[in-house]
Q: 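Here's a structure for you.
Only a predicted model underlies this, so the values are computations on that prediction, with no experimental measurement involved.
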Amino acid sequence: MKKQRKQDLRVVKTKTLIKNAFLELIELNGYSKVTVTDIVEKAMINRNTFYLHYYDKEALIDEMISEHYKITEPLIRKILYNNVKKYLKDPIKMQEEIFKDIFEILLEEIELYRIFIMDPGLSGYLNKLKTTIKSKMQSEYIKTDKHKIAFEFTFEGTYGTI
């Protein structure tokens with residue numbers, strides 16, 4: 001049996017403070033104007049504490065994206081597996097179901113997505129997340145050209161709608 005690593009609650013609390021402060025500052029000032037000094041002041045922590053956990057604000061946002069992907073990736077896999085399997089002969093129904101299920105996932109983290117989508121300074125990170133999810137989904141579930149077209153339409157339609 002795999003032994004779970006125990007997390008120090010102080011580390012979890014500090015990282016949560018940093019991330020919340022960072023998101024609030026992005027929303028107020030925009031990503032490009034947020035500095036580490038702003039983050040530590042808002043989070044009410046020492047500058048050294050920030051650097052104990054993150055190299056810079058880019059490392060912070062990379063971790064936030066990675067964490068989000070780790071949470072949503074199993075859900076997306078399940079959605080795709082269930083819908084591709086269930087609606088293999090009906091690509092239109094498959095698109096509708098995938099579209100609906102993806103929006104349900106997005107609703108759970110709507111504030112995070114809203115901040116990412118609204119700030120032009122974060123477009124590169126948003127595209128990175130989009131590309132990662134899209135390539136993972138395509139490589140594992142899309143086996144025929146017919147399904148590839150349906151998937152592209154659904155994925156890009158979802159992204160465009162958001």
Q: Give me each pair satisfying salt bridge (charged side-chain N to carboxylate O under 4.0 Å, His left out) with a member in residues 15-31, each pair once, sequence neighbours excluded.
A: Lys15-Glu63, Lys19-Glu63, Lys19-Glu67, Glu24-Lys42, Glu27-Arg114

Q: Rounded to the nearest 0.5 Å, how far does CG of Asp62 lie from CG of Asp56?
A: 8.5 Å

Q: Mind running side-chain contact (heavy atoms from CB on, under 4.5 Å) on Tyr55 and Leu60 for me, showing each step along the way?
A: CA-CA 8 Å; Tyr55 181 74; Leu60 170 57; over 6 Å; no

Q: Looking only at non-hydrogen atoms, find the nearest pair between Thr49 and Thr14 and report the distance.
A: CG2-CG2, 3.6 Å

Q: So, taking the atom named CD1 in Ile39 and the one named CG in Leu23, what distance separates them when rounded to the nearest 0.5 Å?
A: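 It is 9.5 Å, given to the nearest 0.5 Å.
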
Q: Specify the closest pair of heavy atoms between Phe22 and Met64, including all atoms of both residues, with the distance to one decimal.
A: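 Reported closest heavy-atom pair: CD2-SD, 3.8 Å.
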
Q: Looking only at heavy atoms, what is the nearest atom pair of Ile45 and Phe50, with distance?
A: CD1-N, 4.0 Å

Q: Might you point out which heavy atoms bring Ile18 and His53 nearest each other, and give the distance in Å?
A: CD1-CD2, 4.4 Å

Q: Using only atom types and a distance under 3.5 Å, with no angle test, would you say the side chain of Asn29 pairs donor to acceptor with the backbone of Ile26?
A: no

Q: Can you list everything that forms a side-chain hydrogen bond (donor to acceptor under 3.5 Å, both in side chains) with Asp119? Sequence neighbours excluded, please.
A: none

Q: Which atom names give the shortest non-hydrogen contact between Asn46 and Asn48, and what distance separates them?
A: OD1-N, 2.7 Å

Q: To the closest 0.5 Å, what do you measure between NZ (Lys13) and CG (Leu9)?
A: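 Lys13 atom NZ to Leu9 atom CG measures 10.0 Å (nearest 0.5 Å).
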
Q: What's the separation between atom CG in Asp38 and atom CG in Leu25, rounded to the nearest 0.5 Å?
A: 5.5 Å

Q: Run the numbers on Leu17 and Met44 for side-chain contact (heavy atoms from CB on, under 4.5 Å), then give the verdict.
A: CA-CA 8 Å; Leu17 286 170; Met44 294 186 289; over 6 Å; no

Q: Do Lys57 side-chain atoms and Val34 backbone N/O form a donor-acceptor pair below 3.5 Å?
A: yes

